[in-house]
Amino acid sequence: MKEKIYTIPVNEAFEKQDGCPFCRLYRQLEKKEVDRILGAAMMEPDVRIQTNDAGFCGKHYRQMLHKQRRLQLGLILESHLDQLRREQNAGTMLGKHAAARTQTEKLQKLEQQCYLCARIEQSFQKMINCAAYLWGQTREFRTLVSQQPWICLPHYRRFMEEARRELDKKTFASFYEAVHTSEMAMLEKLNKDVSWFCKKFDYRYDDEPWYDAKDALPRAVKILSGEDEEEDTET
């Protein structure tokens, strides 16, 4: 059975026409999960076991710091650091070389984990699947997709992959024609805007208008790599 729980947030994200809708969905999930881990979930024993083991990536540590909920973050860090310290002291009886290998392997694993990233990704994947499903089911959603100014390339790739798995061949052919054509038109315009931006540094183009090139560089970065999170600071 399809995940219907995400139909409303996916539709709402696509109703806006301001940047990548999938980036918008990801930021919403991110904010929800950061608020959750610094709220009641922090005191749940099973959650604390998971955060002690997985830790967090640098991006999500910084977002938690920006929330200014210092005691909550302090308690999370206290138990995580206590477990980390004990793990890094373990295995010394095996000899320094063996201990160092075990300890660095654990640190490498820790660098590749993030409790929040894992939770966000689980829900985000279902949202992408829901978007592909909606595209195949409703004309209204197809219209919303066609009205987007852009879908960043990382999420365009995932949307295309999910649609290929979700839709039958005939429906996917229609999806590909619509979404791929729109994305390529956007990239062509972006390419022209960046080129015009560069030309404007030539004195021969001083008197020429900027057209849509003034924001070409930040727009290109957003489209190529995805949009940065919106920092939510609390005092």
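Residue numbers start at 1 and run along the sequence shown. These figures come from a predicted structure and were not determined experimentally.
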Quiz item: Taking atom CD of Q17 as the centre, does the number of heavy atoms from other residues, nucleotides or ligands within less than 6.0 Å exceed 12?
Solution: yes
Quiz item: ring-ring contact (aromatic ring centres under 6.0 Å, His included) with Y203: which residues, sequence neighbours excluded?
Solution: none
Practice problem: Could you check whether the rings of F172 and Y176 sit parallel, tilted or perpendicular, using 30° and 60° as the cut-offs? | Solution: tilted
Self-check item: Spacing of CG belonging to N129 relative to OH belonging to Y133, to within rounding of 0.5 Å
Solution: 10.0 Å
Exercise. Please find out if less than 6.0 Å separates the ring center of W135 from that of F141.
Key: no
Quiz item: Should K106 and Q88 be marked as a side-chain contact (heavy atoms from CB on, under 4.5 Å) after you check the CA-CA gap, both sets of side-chain angles, and the distance that decides it?
Solution: CA-CA 8 Å; K106 287 183 177 179; Q88 288 299 299; 4.2 Å; yes
Quiz item: Looking just at side-chain N and O atoms, do E15 and Q147 make a donor-acceptor pair shorter than 3.5 Å?
Solution: no
Quiz item: Does a side-chain heavy-atom distance below 4.5 Å link D35 with K67?
Solution: yes
Quiz item: Taking it one step at a time, do H60 and E33 satisfy side chain to side chain donor-acceptor pair (under 3.5 Å)?
Solution: CA-CA 10 Å; H60 288 134; E33 288 297 330; over 6 Å; no
Quiz item: Is F14 close to L134 at the side-chain level, that is, under 4.5 Å between some pair of heavy atoms?
Solution: no
Quiz prompt | D53 versus Q83, closest heavy-atom pair with distance | solution = CA-NE2, 3.6 Å
Practice problem: Kindly compute the distance separating CZ (R219) from NZ (K222), expressed to the nearest 0.5 Å. | Solution: 10.0 Å
Quiz prompt | I223 side chain reached by I151 side chain, heavy atoms, under 4.5 Å | solution = no
Exercise. Following the transitive rule for hydrophobic clusters with a side-chain heavy-atom cut-off under 4.5 Å over Ile, Leu, Val, Met, Phe, Trp and Tyr, establish whether F56 and M43 coincide in one cluster.
Key: yes
Quiz prompt | Nearest-0.5 Å distance that lies between atom OG1 in T138 and atom CG in L144 | solution = 7.5 Å
Quiz prompt | Distance (rounded to the nearest 0.5 Å) between C130 SG and Q137 CD | solution = 10.5 Å
Quiz item: Are more than 12 heavy atoms from other residues, nucleotides or ligands located less than 6.0 Å from atom CG of D168?
Solution: yes
Quiz item: Going only through I, L, V, M, F, W and Y residues with side-chain contacts under 4.5 Å, is there a path from I8 to I5?
Solution: no
Quiz prompt | Presence of salt bridge, E12 and R24, under 4.0 angstrom | solution = no
Quiz item: For Q112, does the CD atom sit with more than 12 other heavy atoms under 6.0 Å from it, leaving out its own atoms?
Solution: yes
Quiz item: For the rings on W210 and F197, is their centre-to-centre separation under 6.0 Å?
Solution: yes
Quiz item: Do L110 and I49 share a hydrophobic cluster, counting only Ile, Leu, Val, Met, Phe, Trp and Tyr and linking them when any side-chain heavy atoms are less than 4.5 Å apart?
Solution: no
Exercise. Would you check if M184 and L187 make a side-chain contact, meaning some heavy-atom pair closer than 4.5 Å?
Key: yes
Self-check item: pair E30-Q63: side-chain heavy atoms closer than 4.5 Å
Solution: yes
Quiz item: Of the options R158, R157, R164, which is the one that meets E161 in a side-chain hydrogen bond (donor to acceptor under 3.5 Å, both in side chains)?
Solution: R157
Self-check item: Side chains of K214 and K200 in contact at under 4.5 Å (non-hydrogen atoms)
Solution: no
Quiz item: Could R204 and D202 be called an ion pair, given the rule that one side-chain N must be under 4.0 Å from one carboxylate O?
Solution: yes
Quiz prompt | Hydrophobic cluster membership, V221 vs Y26, 4.5 Å side-chain cutoff | solution = no
Quiz item: Does the separation of the ring centres of F124 and H155 fall below 6.0 angstrom?
Solution: yes
Exercise. First locate atom CG of L38, then atom CD1 of I76, and finally report the distance between them rounded to the nearest 0.5 Å.
Key: 5.0 Å
Quiz item: Do the non-hydrogen side-chain atoms of Y61 and L77 ever get within less than 4.5 Å of each other?
Solution: yes
Self-check item: Shortest non-hydrogen separation from C57 to C114 and the atoms involved
Solution: N-SG, 3.2 Å
Quiz item: Do T51 and H80 pass the side-chain contact (heavy atoms from CB on, under 4.5 Å) test, and can you show the C-alpha distance, the side-chain angles, and the key distance before you say yes or no?
Solution: CA-CA 7 Å; T51 59; H80 176 56; over 6 Å; no
Self-check item: Step-by-step salt bridge (Lys or Arg N to Asp or Glu O under 4.0 Å) determination, E105 to K109
Solution: CA-CA 6 Å; E105 285 175 352; K109 182 181 178 182; over 6 Å; no
Self-check item: Under 3.5 Å: donor-acceptor pair, side chain of T102, backbone of A98
Solution: yes
Quiz item: Just wondering, do L107 and E87 contact through their side chains at under 4.5 Å, heavy atoms?
Solution: no
Quiz item: Between R85 and D82, is there a salt bridge with N-O shorter than 4.0 Å?
Solution: yes
Quiz item: Charged N to carboxylate O under 4.0 angstrom, E208 versus K199?
Solution: no
Quiz item: Does a sphere of radius 6.0 Å around CZ in R101 hold more than 12 heavy atoms from other residues, nucleotides or ligands, not counting ones at 6.0 Å or beyond?
Solution: no
Quiz item: Is a side-chain donor or acceptor of T143 paired with a backbone partner of R139 at a separation under 3.5 angstrom?
Solution: yes
Self-check item: Derivation of the side-chain contact (heavy atoms from CB on, under 4.5 Å) call for Q125 and E162
Solution: CA-CA 9 Å; Q125 178 59 36; E162 199 60 36; 2.6 Å; yes
Exercise. Quick one: closest heavy-atom pair of C152 and C20, and the distance?
Key: N-SG, 3.4 Å
Practice problem: Taking only Lys NZ, Arg NE, NH1 and NH2, and the carboxylate oxygens of Asp or Glu, determine whether K189 and D212 approach each other closer than 4.0 Å. | Solution: yes
Quiz item: When rounded to the nearest 0.5 angstrom, what is the spacing between CD1 in I128 and CD in E166?
Solution: 12.5 Å
Quiz item: Do side-chain atoms of T171 reach the backbone of L167 as a donor and acceptor pair under 3.5 angstrom?
Solution: no
Quiz item: Linking I/L/V/M/F/W/Y whenever any side-chain heavy atoms sit under 4.5 Å apart, do L75 and V47 land together?
Solution: yes
Quiz item: Going by side-chain heavy atoms closer than 4.5 Å, which hydrophobic residues are tied to W196, directly or by a chain of links?
Solution: Y205, Y211
Quiz item: Checking side-chain contact (heavy atoms from CB on, under 4.5 Å) for the pair R119/S123: CA distance, chi angles, key distance, verdict?
Solution: CA-CA 7 Å; R119 283 187 58 87; S123 296; over 6 Å; no
